[in-house]
Every structure is written in structure tokens, then in C-alpha cells.
Asks: 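One structure, pasted below without further comment.
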Amino acid sequence: MNYQEAYEKLEKYGQLHVLKYYEELDDGEKEALLLQIEQTDFEVLSLCEKKEALNPRGKIEPIEVMQLPEIEKKRDEYTKIGLDAIRAGKVGAVLLAGGMGTRLGSDAPKGVYNIGLTKEVFIFQRLIENLMDVVEQAGAWVPLYVMTSDKNHDTTVRFFEDKKYFGYNADYVTFFMQDMAPASDYQGRVYMEAKNKMSTSPNGNGGWFLSMKKWGVTDKVRQDGVEWLNVFAVDNVLQRIADPCFVGATIATDSAVGAKVVAKTAADEKVGAMCLEDGRPSIVEYYDMTPELMAAKNAQGGPAYHFGVILNYLFRVKDLEDIVARRLPLHIVEKKIPYLDEKGELVKPEEPNGYKFEQLVLDMIHELDSCLPYEVVRSREFAPIKNKTGIDSVESARKLCEENGIEL
Ligand code: UTP
């Protein structure tokens, strides 16, 4: 894209200030800025004006959940189906590690955080150890695809290399990068983080399959005969990955996606709850939980929206291919965004000063025809690290690791 084209594109979206320092830049910097302008979707910025009306909800109703007693009864049968699929190379895992982890307060990728007390135990290491349990049980490697972002790709790849993949077979590990989205002030005016660079933020975890496609990783998935992808978050250090019983249950029930869920600790707990929305599987986010939904009862008289998702989904690849072109809802989230002030100096704000724009993996569920919500024991499988202290923190996750016999 040349200067004139960049100018016209910016003018169309009211973002001409992006070129404020253009004349001060050297040739390489000019080129980098023009490329970023070319690749940026400015359309999203105009949406913050209609933020509240952006994602209207349909009719919410309870969904059937496969609960622990039923799973126990069929554990052997499902585990066998799952192990057969893993041994046949049909199950891959996707580690979502493109987030910024701002709440944890470290600039490094979340996975390199050391939660050890007497020795080093990195978050990535915990995940690999968990996956190794299944590799040993099945006697087969599970292909692992790791999503990073522009902000953490090099550090993440180098870390895995330095640590020799924590014993995982590097031939089965593939990295790919997600896209970035512009970050703006509250009026939708994109911030600059350098004279030749707009402020950006990873565009959410919802674009993972599209990014896999862009990077040619889905070709590899197809060639390798992978039919199921277990997508999971980086920050749950008790995460069970490619769990054979879960895989088997999802296959046996012919579901397009399986979603691991836990019983919520309170009706207003900050996790998304599984539901039906206009008759299709969906997740109602905690901030959309009205007092009526919190008080609602199911046919058995229990709480109707009692099961929360833990960001562990098993997607059937062929169904993903069908929905990949659909645009997912956009979520606009307040954030602290570093920016250049009037004097051209970089400011790192202490408080949120604008918006980031994200698509979320949980919105993919609503696009699919069938979903198996599958209950797991919370204290064994859910130890998310979002914050430094308090709820869902390094402290709470350490305690849960210790309760599960994991030495730290
Ligand atoms: P979170 O919603 O906790 O976001 O991500 P985050 O960016 O890691 O943390 P905060 O909100 O800034 O503190 C849930 C999962 O989705 C991944 C994260 O890496 C984590 O595994 N994620 C999130 C991405 O891969 N890309 C994104 O753009 C956002």
C-alpha cells in the first residue's frame, strides 16, 4: 500500500492522525507503518459507539449436561473410544497462548510464569506434564498446536526450545500466530504506541481456527488425519488435555463439540454458563446473567444454569470447516493501552483508557448444531491463574496443585 492509498483508507475511517509523524520516519519505518495500515481492520473501531446494542441475546433455556454419575457409569466404555481415537492420531490439542495476561501483571507470556516454590514449575511445563499422562496412557503422541501473538511469539518459541519442550516430542509441536486488532480510546480513535506503529492487542481467542488456516496449519491437520481438536487455555494448571474419557463421550454422543464444565460455586460466579439460546447450544456470560436467570430452576428443581465452562472444548474439525467463514460477535473490552501523548512520548497508563476488540472461542459453540456439556470435578481440573493474588490466582492454583499431589 502506498502513502496515497493509506491516506484514503484512514480518511474513510476518521483515523488520519496515524500519519502525524510520517514525515519524521526513515524509509523502513514508513514501510512498516504503511503495511500495518494495509493489514488493519478499522471497521471494528466504529462499533464502540453502539457497544451496548452489539450482541443482543436470544431466548435462553437450560441445556442437558452429562453429569458425573452418568460419566462414572460409562467411564470404561468412553475411555476406550477416546484412547482408540488418540492412538489412531485423530486427536490434536490447541493451546491458546496468545493472550496478554495483563491481570497477572507480567509482560512475559503467561506460560513462562514460574509457580514453583522449591523448584521451577512453569505454567507451560504443567500443561505438558498433564498432556504427557495421556501420551503415556495411549502410547502415542498427541499433535500440539500452540497459538501465540505478535506480542509473545518469539519469547514463547524460544522458551520451548530452551526447555527442550519439557520432554515433549518437538516433531509434534507446531506454533502459529493469531491476528492483532487496533486498540483505541473511548471514541474509537486508534492509539499510537510508536511514531510508526498503531497500538494493537491480540484479537481474542475466537480466531484460533481462522489463524490456523492462515498459517497453513489446518493443511497439516488434514494431512495428519486429525479429526478432533481439543482447545484449551494456557492458564489452567490442572487442565486435562486430550482426556480420553471426554474424547470418547464426545465421539460416542456424535456431538460437534464437547465442552468441559464445572458446577458453579455461586449463581453469580464469574464463569460463562452453558445453556440453549434460541434452541441452539450456547454460553451465557456472567455479565449477561440476569437475576431471573440466576434464580431459574430446571425440570428437577435444581439451578437451571449451574454449569460453567472452563475453556476446554473438543471440536470436530469437519464442523469447524463449515463455520469458519462466519463472523463471530465482537466483544469490546476496557483496557490499559500504552500510547504516545501530544509530545510524542510513550505513556503506560495505570487505569483503563480505552478499548480492545475481541472475538471469543465460546461464541463458536452457538454456531455448531450439537454440543455435549461434560461435567468434571472442579478441584481436580480447574485451577486458573488470572490474578497475582486472591481468586483465580497463583496462590489459589498452588493450593489446588498441592491438593492434587503436584510438587511445587
Ligand atoms: P483471558 O480471557 O484470560 O485473557 O484468556 P488474557 O489476555 O490471557 O488475560 P488478561 O485478561 O489480559 O489478564 C483466556 C485464554 O485465551 C487466550 C489466553 O492466552 C488464555 O489461554 N487468549 C486470550 C488468546 O490466545 N488470545 C487472545 O487474544 C486472548
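The first residue in the sequence is number 1, and the count goes up from there. In each ligand, atom 1 is the first atom listed, and ligand 1 is the first ligand listed. The structure displayed is predicted, hence computed values, not measured ones. We use all heavy atoms of the structure for the numbers below, so side chains are in, but hydrogens, waters and symmetry mates are not.
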Asks: Relative to the heavy atoms of Met147, which atoms of ligand 1 are at a distance of less than 4.0 Å?
Replies: 25 (O)

Asks: Please classify the Ala233 to ligand 1 contact at 4.0 Å (heavy-atom distances, strictly less than): side chain, backbone, both or neither.
Replies: both

Asks: Can you label the angle between the Phe175 ring and the His153 ring as parallel, tilted or perpendicular, going by 30° and 60°?
Replies: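 It falls in the perpendicular class, over 60°.
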
Asks: Which protein non-hydrogen atom lies closest to atom 20 (C) of ligand 1, naming both residue and atom, and how far is it?
Replies: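 So the nearest neighbour among protein heavy atoms is Leu96 O, 3.7 Å.
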
Asks: Among protein heavy atoms, which sits nearest to atom 16 (O) of ligand 1, and what does the distance come to when rounded to 0.1 Å?
Replies: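 Sorting protein heavy atoms by distance from atom 16 (O) of ligand 1 puts Asn205 ND2, 3.0 Å first.
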
Asks: Do Gln125 and Lys163 come close enough that some side-chain heavy atom pair is under 4.5 Å?
Replies: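 No - every pair of side-chain heavy atoms lies 4.5 Å or more apart.
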
Asks: If you have a sec, work out which protein heavy atom is nearest atom 12 (O) of ligand 1 and how many Å separate them, to one decimal?
Replies: Thr102 OG1, 2.5 Å

Asks: In terms of residue, atom name and distance, what is the protein heavy atom nearest to atom 8 (O) of ligand 1?
Replies: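 Here the closest protein heavy atom is Gly101 N, 3.5 Å.
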
Asks: Kindly confirm or rule out a cation-pi arrangement of Lys30 over Tyr22, judged by NZ or CZ under 6.0 Å from the six-membered ring centre and within 45° of its axis?
Replies: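 Yes, a cation-pi geometry holds between Lys30 and Tyr22.
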
Asks: How close does the nearest protein non-hydrogen atom get to atom 29 (C) of ligand 1, and which residue and atom is it?
Replies: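 For this ligand atom, the closest protein heavy atom is Gly99 CA, 3.7 Å.
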
Asks: For atom 11 (O) of ligand 1, what's the nearest protein heavy atom and its distance?
Replies: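 Checking every protein heavy atom, the shortest distance to atom 11 (O) of ligand 1 gives Arg103 NH2, 3.0 Å.
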
Asks: Run down the list Leu95, Leu360, Leu311 and name the one with the heavy atom closest to atom 15 (C) of ligand 1.
Replies: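 Of the listed residues, Leu311 has the closest heavy atom.
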
Asks: Assess whether side chain to side chain contact (heavy atoms under 4.5 Å, CB included) is satisfied between Met198 and Ile37, documenting all intermediate values.
Replies: CA-CA 8 Å; Met198 291 176 273; Ile37 296 167; 4.0 Å; yes

Asks: Does NZ belonging to Lys270 count more than 12 external heavy atoms closer than 6.0 Å?
Replies: no

Asks: Could you walk me through whether Glu358 and Asn203 pass the side-chain hydrogen bond (donor to acceptor under 3.5 Å, both in side chains) test, one step at a time?
Replies: CA-CA 5 Å; Glu358 294 191 325; Asn203 69 344; over 6 Å; no

Asks: Show which side-chain atoms of residues 337-347 pair as donor or acceptor with protein atoms under 3.5 Å away, not counting sequence neighbours.
Replies:
residue : atom : partner : partner atom : Å
Asp341  : OD1  : Lys343  : N            : 3.0
Asp341  : OD1  : Gly344  : N            : 3.1
Asp341  : OD1  : Glu345  : N            : 2.8

Asks: For atom 28 (O) of ligand 1, what's the nearest protein heavy atom and its distance?
Replies: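 For this ligand atom, the closest protein heavy atom is Gly204 N, 2.8 Å.
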
Asks: Please compare Pro384, Gly98, Pro109 and report which has the shortest non-hydrogen distance to atom 25 (O) of ligand 1.
Replies: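 Shortest heavy-atom distance from atom 25 (O) of ligand 1: Gly98.
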
Asks: Is the distance between the ring centroids of Tyr313 and Phe232 under 6.0 Å?
Replies: no

Asks: I need the nearest protein heavy-atom contact for atom 7 (O) of ligand 1: residue, atom name and distance, please.
Replies: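 It is Met100 N, 2.9 Å.
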
Asks: For Glu43 and Tyr13, run side-chain hydrogen bond (donor to acceptor under 3.5 Å, both in side chains): C-alpha distance rounded to whole Å, both residues' side-chain angles, the deciding distance at 0.1 Å, then the answer.
Replies: CA-CA 7 Å; Glu43 193 85 45; Tyr13 294 104; 3.3 Å; yes

Asks: List ligand 1 atoms under 4.0 Å from Lys386, heavy atoms only on the residue side.
Replies: 1 (P), 3 (O), 14 (C)

